[in-house]
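All remarks here apply to the structure that follows.
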Number of protein chains: 2
Amino acid sequence: MTDRPDLAAMIVPLSRALVDAELPVLREHDLSMWAYSVLLALDERPLRTQAALAESIGADKTRIIGVLDDLQRRGLIDRTPDPADRRARVLSLTAEGRRVRDSAQTGIRHKEERLLARLSVEDRRGFLRALRALAALPHEEITNA
Amino acid sequence: MTDRPDLAAMIVPLSRALVDAELPVLREHDLSMWAYSVLLALDERPLRTQAALAESIGADKTRIIGVLDDLQRRGLIDRTPDPADRRARVLSLTAEGRRVRDSAQTGIRHKEERLLARLSVEDRRGFLRALRALAALPHEEITNA
DNA sequence: TATTGTTATACTCTATAACTATA
DNA sequence: TATAGTTATAGAGTATAACAATA
């Protein structure tokens with residue numbers, strides 16, 4: 001094995017620093033990290049249940065309720081009972097929600113690009129390709145490796 | 001900008017999954033993540049103060065006290081008042097501490113290698129090179145980017 | 001007066017279980 | 001009875017402030 005620091009020893013602090021870097025951007029939009037995650041997850045397609053949303057962003061279903069309350073109150077998401085099953089709440093982005101998401105994401109990507117600019121072209125490419133591949137793995141496939 | 005998911009959206013879940021994957025290995029050695037971090041940080045050179053150790057692993061100085069208590073009680077670290085400044089505690093690994101660290105690290109690297117084996121040779125190289133470069137940056141240099 | 005380590009306290013986050021309303 | 005959402009509670013993790021010893 002090539003000599004290198006532990007993966008986690010590098011990734012965990014980097015992860016924390018990235019979050020710290022992005023929180024000010026989110027705060028400008030009055031978004032918590034979970035709220036931003038919700039806006040991202042709802043970007044593509046509406047979701048039929050809150051539990052599905054929670055699972056897709058790695059949160060507990062009880063943990064996002066306050067987040068959804070706030071986003072709904074601010075008109076950033078729609079949250080209506082499913083006529084076919086009135087237990088479920090269909091979730092989707094509003095136009096305003098999409099606007100806020102776009103604005104926040106632009107700021108975040110701007111910061112990220114400045115960080116990635118420190119890498120050589122080939123390292124940057126390998127880093128992003130590898131990161132996408134690893135991030136696409138199911139959680140259990142990593143923990144059970 | 002090339003289209004890609006947010007960096008943090010990929011790194012944060014990956015970071016969590018990595019930690020979840022490694023915790024069982026650490027538990028076999030009765031080590032918490034912070035305890036393991038301490039053993040890694042003390043590996044190279046002894047440190048003159050607990051505050052310096054805490055800072056080097058991104059922890060609060062009050063948070064590692066219980067960790068150090070436990071490691072000292074188990075004979076994995078030495079923790080003696082500095083004769084030149086009796087306020088400070090000089091910290092170093094014992095031979096047993098080094099043995100436990102090596103054993104835990106072997107298990108952790110084994111898991112990591114199985115994960116990295118999913119990447120192509122060139123992506124793996126770029127990923128590790130980029131990760132080392134980004135992890136070497138001071139925390140503020142990332143947050144202020 | 002400042003610094004090192006420590007303890008005590010409060011605060012945030014998270015996980016678990018219990019409740020309601022629908023099915 | 002099972003499920004979606006909600007609420008309440010407790011637990012872990014973390015941050016802040018106050019304290020004792022030493023400089």
Side-chain angles (χ1 to χ4, degrees), chain A residues 8 12-13 15-17 19-20 22-23 26-27 30-38 41-42 46-73 77-92 139-140 143, chain B residues 8 12-13 15-17 19-20 22-24 26-27 30-38 41-42 46-73 77-92 139 143:
Chain A
V12 171
S15 176
R16 284 197 197 132
V19 170
D20 287 346
E22 302 189 351
L23 279 180
L26 295 180
R27 198 146 36 219
D30 277 305
L31 293 174
S32 68
M33 194 57 83
W34 286 120
Y36 181 60
S37 297
V38 166
L42 292 180
L47 286 173
R48 214 187 59 80
T49 69
Q50 295 182 186
L53 170 62
E55 206 236 326
S56 78
I57 63 174
D60 193 276
K61 64 169 180 170
T62 68
R63 221 156 63 202
I64 61 170
I65 292 180
V67 175
L68 297 179
D69 288 346
D70 181 60
L71 291 175
Q72 181 182 27
R73 185 183 52 74
I77 64 170
D78 279 329
R79 188 199 205 182
T80 58
D82 181 349
D85 181 347
R86 303 229 313 282
R87 292 175 303 184
R89 305 289 142 88
V90 180
L91 303 163
S92 61
H139 186 276
E140 310 77 40
T143 57
Chain B
V12 170
S15 175
R16 284 197 196 134
V19 169
D20 287 346
E22 302 189 351
L23 279 179
L26 294 180
R27 199 146 38 218
D30 277 304
L31 293 175
S32 68
M33 193 58 82
W34 286 120
Y36 181 60
S37 297
V38 166
L42 292 180
L47 287 174
R48 212 185 61 79
T49 69
Q50 296 181 184
L53 170 62
E55 207 235 327
S56 79
I57 63 175
D60 193 278
K61 65 171 180 171
T62 68
R63 219 155 66 202
I64 62 170
I65 291 179
V67 174
L68 297 178
D69 289 345
D70 180 61
L71 291 175
Q72 180 181 29
R73 185 183 51 74
I77 63 169
D78 279 329
R79 189 199 204 180
T80 57
D82 182 350
D85 180 348
R86 303 229 314 282
R87 293 174 303 182
R89 303 291 140 86
V90 180
L91 303 163
S92 60
H139 186 277
T143 57

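In the text below, chain A, chain B and the rest are named by the order of the sequence lines, each starting its count at 1.
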* **Set of side chain to side chain contact (heavy atoms under 4.5 Å, CB included) partners for A/Thr80, sequence neighbours left out** => A/Val90
* side-chain hydrogen bond (donor to acceptor under 3.5 Å, both in side chains) against A/Asp60, all qualifying residues, sequence neighbours excluded -> A/Thr62
* How many Å lie between CG on B/Asp82 and C1' on D/dA21, as a whole number? -> 15 Å
Polar atom pairs (N or O), protein with nucleotides 8-14 of chain D, under 3.5 Å:
residue, atom, partner, partner atom, Å
D/dT14, OP2, B/Trp34, NE1, 3.3

* Let me know, please, whether A/Ala59 or A/Pro83 comes out on the 5' side of the other along DNA chain C by nearest nucleotide. => A/Ala59
* **Gap between atoms CD1 and C1', on A/Ile64 and C/dC13 respectively (whole Å)** => 15 Å
* Asked: How far apart are the closest heavy atoms of A/Ala8 and A/Pro13, and which atoms are they?
  -> O-CD, 3.7 Å
Give me the distances for all protein-to-nucleotides 3-5 of chain C N/O pairs that come in under 3.5 Å?
residue, atom, partner, partner atom, Å
C/dT3, O4', B/Arg87, NH1, 3.2
C/dT3, O2, B/Arg87, NH1, 3.0
C/dG5, OP1, B/Gln50, N, 2.8
C/dG5, OP1, B/Arg89, N, 3.0
C/dG5, OP2, B/Gln50, N, 3.1
C/dG5, OP2, B/Ala51, N, 3.0
C/dG5, N7, B/Lys61, NZ, 3.3

* To do: Would you indicate whether the side-chain heavy atoms of A/Val12 and A/Arg16 approach each other to under 4.5 Å?
  => yes
* For A/Ser32, enumerate each residue passing the side chain to side chain contact (heavy atoms under 4.5 Å, CB included) test, keeping only those at least two apart in sequence or located in another chain. => A/Trp34, A/Ala35
Using atom types as modelled, flag every donor-acceptor pair under 3.5 Å from a side chain in residues 50-58 of chain A to any protein atom, sequence neighbours excluded.
residue, atom, partner, partner atom, Å
A/Gln50, OE1, A/Arg79, NE, 3.1
A/Gln50, OE1, A/Arg79, NH2, 3.4
A/Ser56, OG, A/Leu53, O, 2.8

* **Sequence-distant partners of A/Ser92, side-chain hydrogen bond (donor to acceptor under 3.5 Å, both in side chains), two or more places apart** => none
* **Euclidean distance, atom CG of residue A/Asp60 to atom C1' of C/dA17 [Å, nearest integer]** => 11 Å
* Structure fact -> Across all chains, not counting sequence neighbours, the side chain to side chain contact (heavy atoms under 4.5 Å, CB included) partners of A/Asp85 are A/Arg48, A/Arg87
